[in-house]
Colleague: 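One structure, pasted below without further comment.
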Amino acid sequence: MYRMPDYCGRCGPPLEVDLDYGEVRLLELFEGGVTDLWKYRELYPLTSHQHGVQLGLGEGGTPLVLVSKLCREVGLDQARLRCDHLNPSRSFKDRSASVGIAWALEQGCPGVGCASSGNAAGAAATYAARAGLPAYIVVSSGAPKSKLSVPIAHGARAFRGRGDFSRAFTAAREAALEVGLANLTTCVNCYAWEGNKSVAYELF
């Protein structure tokens with residue numbers, strides 16, 4: 001059974017992806033307008049991009065909106081905010097979830113797990129449902145019921161842990177390692193986290 005590595009067994013911190021960009025045609029990749037995050041699929045740590053493109057729900061490519069009032073308040077000539085609440089599950093975490101679940105499909109993981117206070121759970125459940133994978137969500141005892149509406153609507157099994165988020169985090173990690181799930185908890189899965197770089201690619 002595959003067990004996803006998450007932390008370095010020697011020095012402790014989460015693993016990082018080291019990509020070889022030598023074969024990527026960067027100038028061509030950034031030509032034209034922004035469509036969605038899969039425009040930059042060659043920059044994600046995937047052997048094949050087939051799963052990612054098939055999983056796509058239009059995530060990424062969200063609009064930048066000029067914020068004139070904020071500019072005046074802080075003394076800037078111009079500033080824009082990215083509206084990532086317009087992603088499919090209403091969160092920027094769709095960026096990491098879509099890439100992470102594409103990676104999970106490549107690895108043959110039997111499902112995905114996630115500790116979350118709400119947004120990551122919704123994103124993980126949305127793309128797990130799209131991929132046909134079961135999703136298991138662990139939330140802290142104080143997480144509001146409203147935050148569970150999206151993952152439950154997408155068929156995820158939600159478990160409310162006892163105590164704060166750190167306990168939910170530990171429970172999700174242990175379960176993922178034991179069963180072989182792809183752990184999509186924020187900042188744990190280095191492959192999924194690469195999807196968040198799409199914000200920088202789009203800005204560039």
Colleague: Quick one: pull up CG in Leu46 and CD in Gln107 and give me the separation to the nearest 0.5 Å.
Modeller: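 Taking CG in Leu46 and CD in Gln107, the distance rounds to 9.5 Å.
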
Colleague: Hey, what do you get for SG (Cys109) to CD1 (Ile101), rounding to the nearest 0.5 Å?
Modeller: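 Between atom SG of Cys109 and atom CD1 of Ile101 there are 10.0 Å.
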
Colleague: Walk me through it: do Arg160 and Leu148 pass the test side chain to side chain contact (heavy atoms under 4.5 Å, CB included)?
Modeller: CA-CA 10 Å; Arg160 189 177 291 276; Leu148 294 176; 3.6 Å; yes

Colleague: Under a 4.5 Å cut-off applied to non-hydrogen side-chain atoms, are Trp193 and Val188 in contact?
Modeller: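 SC-SC contact between Trp193 and Val188 ruled out.
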
Colleague: Check Gly122 against Pro151 and note the closest heavy-atom contact, atom names and distance.
Modeller: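 Minimum heavy-atom contact is CA-CD, 3.8 Å.
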
Colleague: Please, which pairs that meet ring-ring contact (aromatic ring centres under 6.0 Å, His included) have at least one residue in residues 128-166, sequence neighbours excluded?
Modeller: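 Qualifying pairs: none.
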
Colleague: Would you say that Asp94 contacts Thr126 through its side chain, given a criterion of any heavy-atom pair below 4.5 Å between the two side chains?
Modeller: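 Of all side-chain heavy-atom pairs linking Thr126 with Asp94, none is under 4.5 Å.
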
Colleague: Do Phe92 and Val65 share a hydrophobic cluster, counting only Ile, Leu, Val, Met, Phe, Trp and Tyr and linking them when any side-chain heavy atoms are less than 4.5 Å apart?
Modeller: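 No, because Phe92 and Val65 fall into different hydrophobic clusters, even though each may have its own neighbours under 4.5 Å.
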
Colleague: Any pair with a residue in residues 12-45 that passes ring-ring contact (aromatic ring centres under 6.0 Å, His included), sequence neighbours left out, goes on the list, sorted by first then second residue, please.
Modeller: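 Only Phe30-Tyr40, Phe30-Phe204, Trp38-Tyr44, Tyr40-Tyr201 qualify under ring-ring contact (aromatic ring centres under 6.0 Å, His included).
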
Colleague: Just by distance, do the side chain of Arg157 and the backbone of Pro134 share a donor-acceptor pair under 3.5 Å?
Modeller: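 Flag not set: sc Arg157 to bb Pro134 has no pair under 3.5 Å.
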
Colleague: How close do Ala172 and Cys114 get, counting heavy atoms only, and between which atoms?
Modeller: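 Distance-wise, the nearest heavy atoms are CB-C, 4.0 Å.
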
Colleague: When rounded to the nearest 0.5 angstrom, what distance separates CG in Asp36 from CG in Leu57?
Modeller: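 Output value for this atom pair is 10.0 Å.
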
Colleague: Looking at Asp20 and Gly22, what are the two nearest heavy atoms and their distance?
Modeller: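 Nearest pair, atom of Asp20 first, then Gly22: OD1-N, 2.9 Å.
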
Colleague: Between Leu86 and Val67, is there a shared hydrophobic cluster once you connect ILVMFWY residues whose side-chain heavy atoms come closer than 4.5 Å?
Modeller: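 No, no single cluster joins them.
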
Colleague: With hydrophobic residues grouped by side-chain heavy-atom distances under 4.5 Å, do Val24 and Leu19 end up in a single group?
Modeller: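 Yes, same cluster.
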
Colleague: Test side chain to side chain contact (heavy atoms under 4.5 Å, CB included) on Trp103 and Asn189; report intermediate values, then the result.
Modeller: CA-CA 10 Å; Trp103 175 84; Asn189 187 313; 3.8 Å; yes

Colleague: To the nearest 0.5 Å, how far apart are OG in Ser68 and CG in Leu76?
Modeller: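 So the gap between those two atoms works out to 11.5 Å.
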
Colleague: Between Thr170 and Ser166 (side chain of the first, backbone of the second, donor and acceptor by atom type, cut-off under 3.5 Å), is there such a pair?
Modeller: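 Yes; at least one donor-acceptor contact below 3.5 Å.
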
Colleague: Are Tyr191 and Tyr127 co-members of a hydrophobic cluster defined by side-chain heavy atoms under 4.5 Å apart?
Modeller: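 No, separate clusters.
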
Colleague: Say you draw a straight line from CG of Leu70 to CD of Gln78; how long is it, rounded to the nearest 0.5 Å?
Modeller: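 Separation between the atoms: 12.0 Å.
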
Colleague: Let me confirm one number: the OG1-CD1 distance from Thr185 to Ile137, rounded to the nearest 0.5 Å.
Modeller: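 Thr185 OG1 to Ile137 CD1: 8.5 Å, rounded to 0.5 Å.
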
Colleague: Counting distance only, does the side-chain N/O of Lys39 pair as donor-acceptor with the main-chain N or O of Gly32 below 3.5 Å?
Modeller: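 Between the backbone of Gly32 and the side chain of Lys39 there is a qualifying donor-acceptor contact (under 3.5 Å).
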
Colleague: Under the salt bridge (charged side-chain N to carboxylate O under 4.0 Å, His left out) rule, what pairs show up with a residue in residues 68-90, not counting sequence neighbours?
Modeller: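 As it turns out, the salt bridge (charged side-chain N to carboxylate O under 4.0 Å, His left out) pairs with a partner in residues 68-90, which skip direct neighbours, are Arg82-Glu202, Asp84-Arg95.
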
Colleague: Compare every heavy atom of Gly180 with every heavy atom of Pro110, then report the nearest pair and how far apart it is.
Modeller: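 Looking at all heavy atoms of both residues, the shortest contact is CD-O, 3.2 Å.
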
Colleague: Same hydrophobic cluster for Leu37 and Leu26, using side-chain heavy-atom links shorter than 4.5 Å among ILVMFWY?
Modeller: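 Leu37 and Leu26: one cluster.
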
Colleague: Give a yes or no answer on whether the side chain of Asn183 reaches the backbone of Leu177 with a donor-acceptor pair at less than 3.5 Å.
Modeller: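 A pair under 3.5 Å: no.
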
Colleague: Do Leu55 and Val99 have side chains that approach each other closer than 4.5 Å (heavy atoms only, starting at C-beta)?
Modeller: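 No, their side chains stay 4.5 Å or more apart.
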
Colleague: Are the side chains of Glu59 and Ser98 in touch, meaning some heavy atoms are under 4.5 Å apart?
Modeller: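 Answer yes - side chains close enough.
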
Colleague: Using a cut-off of 6.0 Å, state whether more than 12 heavy atoms not belonging to Leu203 lie near its atom CG.
Modeller: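 Counting other residues, nucleotides and ligands, CG of Leu203 exceeds 12 neighbours.
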
